[in-house]
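Single-structure report; data block below.
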2 protein chains.
Amino acid sequence: MEELDTVLGKAVALLRAFGPEDRLLPLAELVRRTGLPKGTVHRVAGDLVRHRLLEKTEHGYRLASGLFELGMRAATERTLLEVAMPFLQDLYERTHETVHLGVREGTEVVYVAKIGGHRQARSPSRAGGRMPMHCTAIGKVLLAHAESSVRSAVLAGPLARRTPHTVVAPGLLEQQLDRALETGLAFEREESTPGLLCVAAPVLDTDGATAVAAISVTGPVGRFRPEAHQNAVRAAATALGSTLARRPGGL
Amino acid sequence: MEELDTVLGKAVALLRAFGPEDRLLPLAELVRRTGLPKGTVHRVAGDLVRHRLLEKTEHGYRLASGLFELGMRAATERTLLEVAMPFLQDLYERTHETVHLGVREGTEVVYVAKIGGHRQARSPSRAGGRMPMHCTAIGKVLLAHAESSVRSAVLAGPLARRTPHTVVAPGLLEQQLDRALETGLAFEREESTPGLLCVAAPVLDTDGATAVAAISVTGPVGRFRPEAHQNAVRAAATALGSTLARRPGGL
DNA sequence: CGGACGCGTTCCACTCACCGGTACGCTGTC
DNA sequence: GACAGCGTACCGGTGAGTGGAACGCGTCCG
């Protein structure tokens with residue numbers, strides 16, 4: 001799944017061997033996951049430690065703060081994040097539910113920020129994490145406002161059923177997308193995670209056509225009613241959109 | 001400043017050539033900053049692009065989202081961030097001023113999170129960024145609650161004068177540290193950035209002795225009075241501390 | 001207009017950094 | 001006490017990586 005015939009490839013493979021849930025991986029586990037010979041892993045991991053991208057502890061390796069620093073400098077995410085934060089903040093304060101900011105990358109959603117309080121719903125999303133587009137509110141609203149080539153690419157691909165509620169019928173999904181395009185809102189009802197509901201609104205580009213990002217509010221079945229927050233989400237998204245439009249340089 | 005005699009070293013040097021403020025660097029600029037031959041930079045940068053760590057645009061290279069993803073998986077920062085976020089959120093809501101979460105790394109402060117609203121004070125700090133310890137509230141409070149070896153190492157090193165208000169007299173600084181250790185609070189008054197005031201409190205370890213992190217509230221000279229928020233900051237920090245202590249596995 | 005720059009790209013022969021099999025020492029565990 | 005799994009260390013062969021040189025652009029001069 002990675003190019004392993006170059007040092008760099010091996011190094012990246014090692015780093016990516018850490019899944020979103022992994023904190024500490026012993027050398028042997030890295031060997032297993034990458035398929036690289038033991039000696040090689042040892043050496044390359046040592047190099048990575050030297051460069052502060054990896055940290056070596058008694059019980060294994062972990063991703064080091066050098067990576068965190070570099071990651072936070074990634075250009076697009078950073079500026080978007082900086083401009084968006086106050087709006088997300090406001091939205092959280094108004095709703096006191098989990099707030100997400102996401103962008104499209106290929107045929108997936110990448111979450112740029114996630115903020116929530118003590119009572120936030122348990123959700124699998126993470127800042128920096130990825131999710132499919134067809135079963136999340138942010139994904140749907142981004143897809144609806146994307147170029148038609150992207151839309152058809154996603155609809156053509158396999159639509160994984162993540163829960164019994166996941167919409168897998170292309171026709172129904174397309175209908176929801178059309179509606180999202182009209183209303184500027186997309187919903188998710190336990191389609192990615194049981195017990196979670198979500199509303200999302202697009203952050204539109206200067207031209208008002210394509211979405212550069214999307215904002216959502218998530219809450220648990222029961223106390224949470226998506227419709228109750230749809231206006232707040234839309235307001236936050238459009239406010240962020242026009243602020244971004246006012247920025248020189250863009251992005 | 002970096003090991004340049006290995007592919008990995010060159011790659012890391014390229015990535016680190018991007019300063020906190022840089023968004024787009026042309027190849028020639030990378031050549032200048034790294035001192036590497038043009039051909040080499042071209043090739044290595046190409047490799048990095050292939051691995052989604054770098055992005056190539058019309059006008060130069062930028063750090064890509066692959067880095068962002070990896071960075072957000074860095075173990076220590078991530079769990080701390082996840083647990084802390086609700087507390088930072090509360091603190092922001094109570095004060096509506098810029099809130100920071102920072103940890104010590106070597107003799108510097110690394111900001112793990114920064115949240116603020118529309119009216120936040122202009123500060124040079126960034127999530128993932130670094131600052132000296134002796135001229136920031138978070139730095140001081142972390143230093144006060146660190147092993148004495150760290151304290152003396154910092155006090156021995158050169159204390160850069162960043163503003164006319166920066167405390168550079170080791171005696172006075174030490175006095176402030178002692179006071180911080182007693183009261184569990186440290187202050188900064190335009191010592192790192194003109195026009196900015198700050199209060200910080202330590203997030204203490206299980207044993208209550210060493211600080212694993214620190215929380216601060218920052219605001220502009222004029223409307224902002226650090227003392228008015230010191231209790232809120234301390235409350236947030238201790239609440240976070242005891243929550244962390246309750247966690248299995250630690251960190 | 002021509003020449004001189006700065007930039008990104010491509011090429012290629014040399015060579016040294018990288019490779020990975022092998023072997024060692026240390027822990028537990030049956 | 002044999003064994004299995006782990007982390008570490010060694011080392012000769014070799015091809016991935018190297019970087020100097022040359023090319024094709026634009027652009028800014030005189």
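Chain letters run A, B, ... following the sequence lines, proteins first, then strands; residues in each count from 1. Every heavy atom of this structure was used, including side-chain atoms; hydrogens, water molecules and symmetry mates were not.
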Using the ring-ring contact (aromatic ring centres under 6.0 Å, His included) criterion, which residues pair with A:F87? Sequence neighbours excluded.
B:H118
Which nucleotide of DNA chain D is the first, and which the last, in the 5' to 3' direction, to come under 4.0 Å of a heavy atom belonging to chain A?
D:dC6 to D:dG17
Side chain to side chain donor-acceptor pair (under 3.5 Å) partners for A:S192, two or more places apart:
A:E188
What is the distance, rounded to the nearest whole Å, between atom CZ of B:R43 and atom P of C:dC11?
14 Å
Within the pair A:T40 and C:dG20, is there a side-chain N or O less than 4.0 Å away from OP1 or OP2?
yes
Do any pairs count as a salt bridge (Lys or Arg N to Asp or Glu O under 4.0 Å) and have a residue in residues 120-144 of chain A, sequence neighbours left out, and if so which ones?
A:E21-A:R126, A:E105-A:R130, A:E108-A:R130, A:R126-B:E82, A:R130-B:E69, A:K140-A:E191
Excluding sequence neighbours, so at least two apart, what forms ring-ring contact (aromatic ring centres under 6.0 Å, His included) with B:H134?
none
Under a 3.5 Å cutoff, is there a donor and acceptor pairing between the side chains of A:T79 and B:R23?
yes
Of B:G39 and B:V7, the one whose closest DNA chain C nucleotide lies more 5'
B:G39
Are any protein N/O atoms closer than 3.5 Å to N/O atoms in nucleotides 6-8 of chain C? If there are, list each pair with its distance.
| residue | atom | partner | partner atom | Å |
| --- | --- | --- | --- | --- |
| C:dC7 | OP1 | B:R32 | NH2 | 2.8 |
| C:dC7 | OP2 | B:R32 | NH2 | 3.4 |
| C:dG8 | OP1 | B:L27 | N | 3.1 |
| C:dG8 | OP2 | B:A28 | N | 2.6 |
| C:dG8 | O6 | B:K38 | NZ | 3.0 |

For A:R161, give me all partners under side chain to side chain donor-acceptor pair (under 3.5 Å), at least two apart in sequence or on another chain.
none
Rounded to the nearest Å, what distance is computed from the CG atom of residue B:D47 to the C1' atom of nucleotide C:dT10?
15 Å
Contacts of A:D205 meeting salt bridge (Lys or Arg N to Asp or Glu O under 4.0 Å) (sequence neighbours excluded), chain-then-number -> none
Residue pairs, two or more places apart or on separate chains, that pass side-chain hydrogen bond (donor to acceptor under 3.5 Å, both in side chains) and touch residues 34-49 of chain B
B:D47-B:R50
